[in-house]
Amino acid sequence: GSLALAVMPGLVMLGHVTLDISLLLHYPASILAGGINLVSICFAYAADLLPPCHRAAGFGILLASTNVGVIVGPLIGSQLSVFAAACSGCVIMITCNIYIWAFVPESLSWAAKQKARQQCHSARGGITSGVRMLMRTPLFRCLTLCLLVSGMVNEFFGIFEVMIQYLKIRFGFTVSDVTVVFVIFGGCGLIVQAVVLKALLKRIGEARVLAVGLAAGAMQMLALALITAKWQAFVAIAAGTLGTVAFPAICSIKANNVDESEQGAVQGALCGVKALAAGVGPLMMASVFAGFTRTDGPLPFFPGAPFLVASILLAGGLAVALALDASAGRDEGGGASAPRGSCSGGNSRRDQDSDHCAGGLGEVKLDDNETAALNAGRSAQRPPDVRNV
């Protein structure tokens, strides 16, 4: 459904080129395309299939794929006409839809799907039910606060426009310089999500990875506020991509502390918080930027003020993250029932696969008897075959 809606903006662009359809239709099409968050669905699917010790790394790989798109998309699109680019985008999205419908299996067992449907039908309040999930335990409240702060000031596209305006004023950035920024962010982000995140998780765990991400973001913002040369901006942007490890760490900790039937709900709620932060952050930072760049205002001229504010906010989030205990998030509503800091004792259908995973990210190995027992348990969870009834 999410991919089907994602085709709509491309169809509007194609219609504008071929049939002279108004580009104003692109805005409602984009709203519809964003109505179902593709990232939250992918995270929920990965959480269903992966044991707890692999989830954060899996989320990082999913985010790394978006960095590939940031690098490859503009390079290919710049070589195509508007018509060819619109057609290519639509064909790619339609192909992805066909592939998913034909080849991607369901991630939950039949029993888990039934339980999730019952919870969905019994839930009341719409948005309020997501808020209750995010606030159900002290751990969840702290993680939500960290995500809100990170999304407001440490997400690349959340503060991107303010940063570009700042770099233009301070260092005369051109279109080619902005392109370099995209390439740096995409390339370094790919390395961080695909390689660095996995190594950090293996050494220090998810809670400390979150702290590292917030600390990297705070230092990046402070550096951007104080830099004096163009090359320093490129270095700060590259080093600051380490801050992107915060989001998969938060998603993994929360996924490890809810029931398997709630994975979609919790990932959707997290992406909702991130979207809210991405909307509030630019407004706040733009207001600070405008206040400190007006020549006729009472405030001193200091274009780096938004980044100084961002650094302070991230430092506050870092203080919260340092106090976290990732294994203390017991679900007061009856969800998680076992410690989630390692790969043992999970309640997900795939968690039992990880009894021999000693907290690392290596291959899970089962002997013949365990494999037979595991397959028998999975078969028992499948719905009965109506042909044999």
Side-chain angles (χ1 to χ4, degrees), residues 39 43 46 50 52-64 66-67 139-159 184-226 235-257 270 273-274 277 281 307-308 310-329 340-343 359-361:
V39 174
F43 276 20
L50 297 174
C53 63
H54 291 184
R55 283 175 180 162
F59 295 162
I61 292 174
L62 289 174
L63 291 178
T66 65
N67 291 302
L139 172 64
F140 276 31
R141 289 191 285 272
C142 290
L143 290 172
T144 301
L145 177 61
C146 290
L147 178 58
L148 186 62
V149 171
S150 177
M152 288 174 60
V153 301
N154 196 33
E155 293 296 329
F156 180 74
F157 293 103
I159 200 172
I184 290 175
F185 178 79
C188 294
L190 176 62
I191 295 173
V192 167
Q193 298 291 348
V195 180
V196 178
L197 176 58
K198 182 177 179 179
L200 288 175
L201 288 168
K202 190 172 183 179
R203 290 182 176 274
I204 62 178
E206 293 158 342
R208 292 296 178 256
V209 167
L210 171 58
V212 168
L214 292 172
M219 290 187 290
Q220 179 197 42
M221 294 300 160
L222 182 61
L224 287 172
L226 302 177
V235 173
I237 292 169
T241 55
L242 183 60
T244 59
V245 302
F247 182 58
I250 292 173
C251 292
S252 178
I253 295 173
K254 286 205 171 187
N256 293 345
N257 285 278
L270 288 172
V273 172
K274 189 178 181 183
F307 304 100
L308 189 59
S311 178
I312 295 172
L313 291 174
L314 286 168
L318 174 61
V320 173
L322 290 174
L324 286 180
D325 179 4
S327 64
R340 317 299 261 202
S342 66
C343 283
L361 298 171

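Both backbone and side-chain heavy atoms feed into the values below; hydrogens, waters and symmetry mates do not. Predicted model only: the values in this text are computed from it and were never measured.
Atom CZ of R141 is separated from atom CG of L139 by 9.5 Å, given to the nearest 0.5 angstrom. The structure places CG of L322 at 8.5 Å from CG of L214, a figure rounded to the nearest 0.5 Å. Rounding to the nearest 0.5 angstrom, the gap separating the SG atom in C142 from the CD1 atom in I250 is 11.0 Å. L313 contributes atom CG, which lies 10.0 Å from atom CG of L308 (distance to the nearest 0.5 angstrom). Interatomic distance, CD1 of I312 versus CE of M221, reported as 13.0 Å (0.5 Å rounding). Rounding to the nearest 0.5 Å places OG of S311 at 10.0 Å from CG of L224.
The shortest heavy-atom contact between A321 and A211 is CB-CA, 4.2 Å. When all heavy atoms are compared, the tightest approach of G317 to C146 is O-SG, 3.7 Å. In this structure, S150 and A246 approach most closely via the heavy-atom pair OG-CB, 4.3 Å. Contact record, L318 with A215: CD2-CB, 3.9 Å, taken as the closest heavy-atom pair. Residues A310 and V153 approach most closely at CB-CB, 3.5 Å, considering heavy atoms. Looking at every heavy atom in both residues, Q193 comes nearest to P248 through OE1-CG, 3.8 Å.
Here the side chains of I61 and K198 are not in contact, with every heavy-atom distance at 4.5 Å or above.
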Notebook entry, point to check: Would V196 and V245 count as a side chain to side chain contact (heavy atoms under 4.5 Å, CB included) if you check the C-alpha gap in whole Å, the side-chain angles of each, and the deciding distance to 0.1 Å?
Noted result: CA-CA 9 Å; V196 178; V245 302; 5.5 Å; no
Next item on the list: Apply side chain to side chain contact (heavy atoms under 4.5 Å, CB included) to Q220 and L242, showing your working.
Entry: CA-CA 9 Å; Q220 179 197 42; L242 183 60; over 6 Å; no
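With T241 contributing its side chain and A238 its backbone, the two residues share a donor-acceptor pair below 3.5 Å.
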